[in-house]
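Residue numbers start from 1 in every chain, and the chains themselves are labelled A, B, ... in the order their sequence lines are given, proteins ahead of strands. Note that this is a predicted model, so its numbers are computed, not measured.
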Amino acid sequence: MNNRRTQYEIYWEILTYCKTPRSITQIIQRCNLNSKIGQEYVDFLVSKGYLGKTMEKERVLFTTTTAAKGYVEIFMKLYLELFKNSPEFRL
Amino acid sequence: METDIELTNAETKIKKEMKHFMALTIMSLAFGAMAMAFAIATITTNVFALTKTVSNMYFILFSLVIGFVVAYFALRYVISSAEVMSKFDEIQEDENGEKNLSSERITERIVKLMGLYREEKPQIKRMILVSKIAGVCFFANALIQTIIVFITFNSGTVELIPSVGGILVSLIMGVVGFYLPSSFHKYAICWDDRLVKSEEAEKKMASYMEES
């Protein structure tokens, strides 16, 4: 689904997906990004130390590091809070 | 423990909200289809009436115009409802009847719903407007039909029961036309509030990222 997501939502999606090592192609496909934008996001997360790079059979794989744990947790906490105190709907 | 309860609450809320929103979209789709059928029936009846009689010509012409307006808006409404429903259904399908979702899966659902709302916000606002216009048209049609019945009643050219039936259907559709946007409006208010709060959350995340 080509939803309008914010950059923080995309970061979270990438970090959650990369709990197991993933290639850039897998990340781009799973997070529904174009290759240029996808690469930019991944590069940013690598620069922050949230994603680690490993080589496997001449392929670069990205894995979420422990440094990203704080971001992932704060994101989930803040997003779950959005549904707190929201009204209940009745037809 | 508290987090578990919060998660269950969030999960229940999301599921309920999705269920209600889906029901509302199905209702709006049915309303759009009925409105279109009713408008086409009005057009057909009035076109035939126009060929038979010259009395009440202006009322018939006015009914025809309303019929065309409602048919056009109903078609747009059906298309909009179908689009929203299909995208919403895509998110619901991901759930696949799972129970006790993890915080990650719940957050993923929230992200998808936020994205869907951001994308469909103009569409939903349009649906609210179109539904209100259709409601006004139905009330106008009911009024015109009532006037026609009053004018032609003494001449004995009108069949009372079908005419009153038509007026009642118009009135009911008019009421539904106003009920649906008010329900969508409640969702829109809630989601607009969530979008504002998500912007505040973004600021917190941005400062967290800068610090780390």
S.K.: For A:Y50 versus B:Y208, what's the shortest heavy-atom pair and its separation?
M.R.: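 Smallest heavy-atom distance, with atoms named: OH-CE2, 3.7 Å.
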S.K.: To the nearest 0.5 Å, what is the distance between CD (B:E202) and OG1 (A:T6)?
M.R.: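 Output value for this atom pair is 4.5 Å.
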S.K.: Would you say CZ of A:F44 has more than 12 non-hydrogen atoms from neighbouring residues, nucleotides or ligands within 6.0 angstrom?
M.R.: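 Yes, CZ of A:F44 has more than 12 neighbouring heavy atoms, counting only those of other groups under 6.0 Å.
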S.K.: Enter the distance from B:I110:CD1 to A:F75:CZ here, rounded to the nearest 0.5 Å.
M.R.: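 B:I110 CD1 to A:F75 CZ: 9.0 Å, rounded to 0.5 Å.
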S.K.: List the atom of A:L80, the atom of B:S103, and the distance in Å for their closest heavy-atom pair.
M.R.: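 What the structure gives for the nearest pair is CD1-CB, 4.5 Å.
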S.K.: Counting heavy-atom pairs under 4.5 Å with chain B, which one of A:Y11, A:W12, A:Y79 comes out on top?
M.R.: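 Ranked by contacts with chain B, first place is A:W12.
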S.K.: Using the side-chain contact (heavy atoms from CB on, under 4.5 Å) rule, take A:L78 and B:M205 through it: C-alpha gap first, then chi angles, then the decisive distance, then the call.
M.R.: CA-CA 9 Å; A:L78 290 168; B:M205 283 181 276; 3.9 Å; yes
S.K.: Nearest 0.5 Å, what's the CE-CD distance between B:M209 and A:Q7?
M.R.: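 Nearest 0.5 Å value for the CE-CD distance: 8.0 Å.
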S.K.: Is the NZ atom of B:K19 crowded by more than 12 outside heavy atoms at less than 6.0 Å?
M.R.: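 Counting other residues, nucleotides and ligands, NZ of B:K19 stays at 12 neighbours or fewer.
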S.K.: Rounded to the nearest 0.5 Å, what's the gap from CD on A:E81 to CZ on B:R194? Could you check?
M.R.: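 These two atoms lie 13.0 Å from each other.
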S.K.: Any chance you could measure B:K112, atom NZ, to A:E9, atom CD, to the nearest 0.5 Å?
M.R.: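 Interatomic distance, B:K112 NZ to A:E9 CD, rounded to 0.5 Å: 12.5 Å.
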S.K.: In terms of heavy-atom contacts, does OH of A:Y17 have more than 12 from other residues, nucleotides or ligands at under 6.0 Å?
M.R.: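 Yes, OH of A:Y17 has more than 12 neighbouring heavy atoms, counting only those of other groups under 6.0 Å.
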S.K.: Begin with the C-alpha distance, continue with both residues' side-chain angles, and end with the deciding distance and a verdict on side-chain contact (heavy atoms from CB on, under 4.5 Å) for B:K203 and A:Y8.
M.R.: CA-CA 10 Å; B:K203 283 175 194 161; A:Y8 300 100; over 6 Å; no
S.K.: Answer whether the closest heavy-atom distance between the side chains of A:E13 and B:V111 falls below 4.5 Å.
M.R.: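 Heavy-atom side-chain distance check passes, below 4.5 Å.
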S.K.: How long is the gap from NZ on B:K204 to NZ on A:K77, to the nearest 0.5 Å?
M.R.: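 Here the rounded value is 7.0 Å.
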S.K.: Near A:R30 CZ, under 6.0 Å, is it more than 12 heavy atoms from other residues, nucleotides or ligands?
M.R.: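 Atom CZ in A:R30 is not packed in, count stays at 12 or less.
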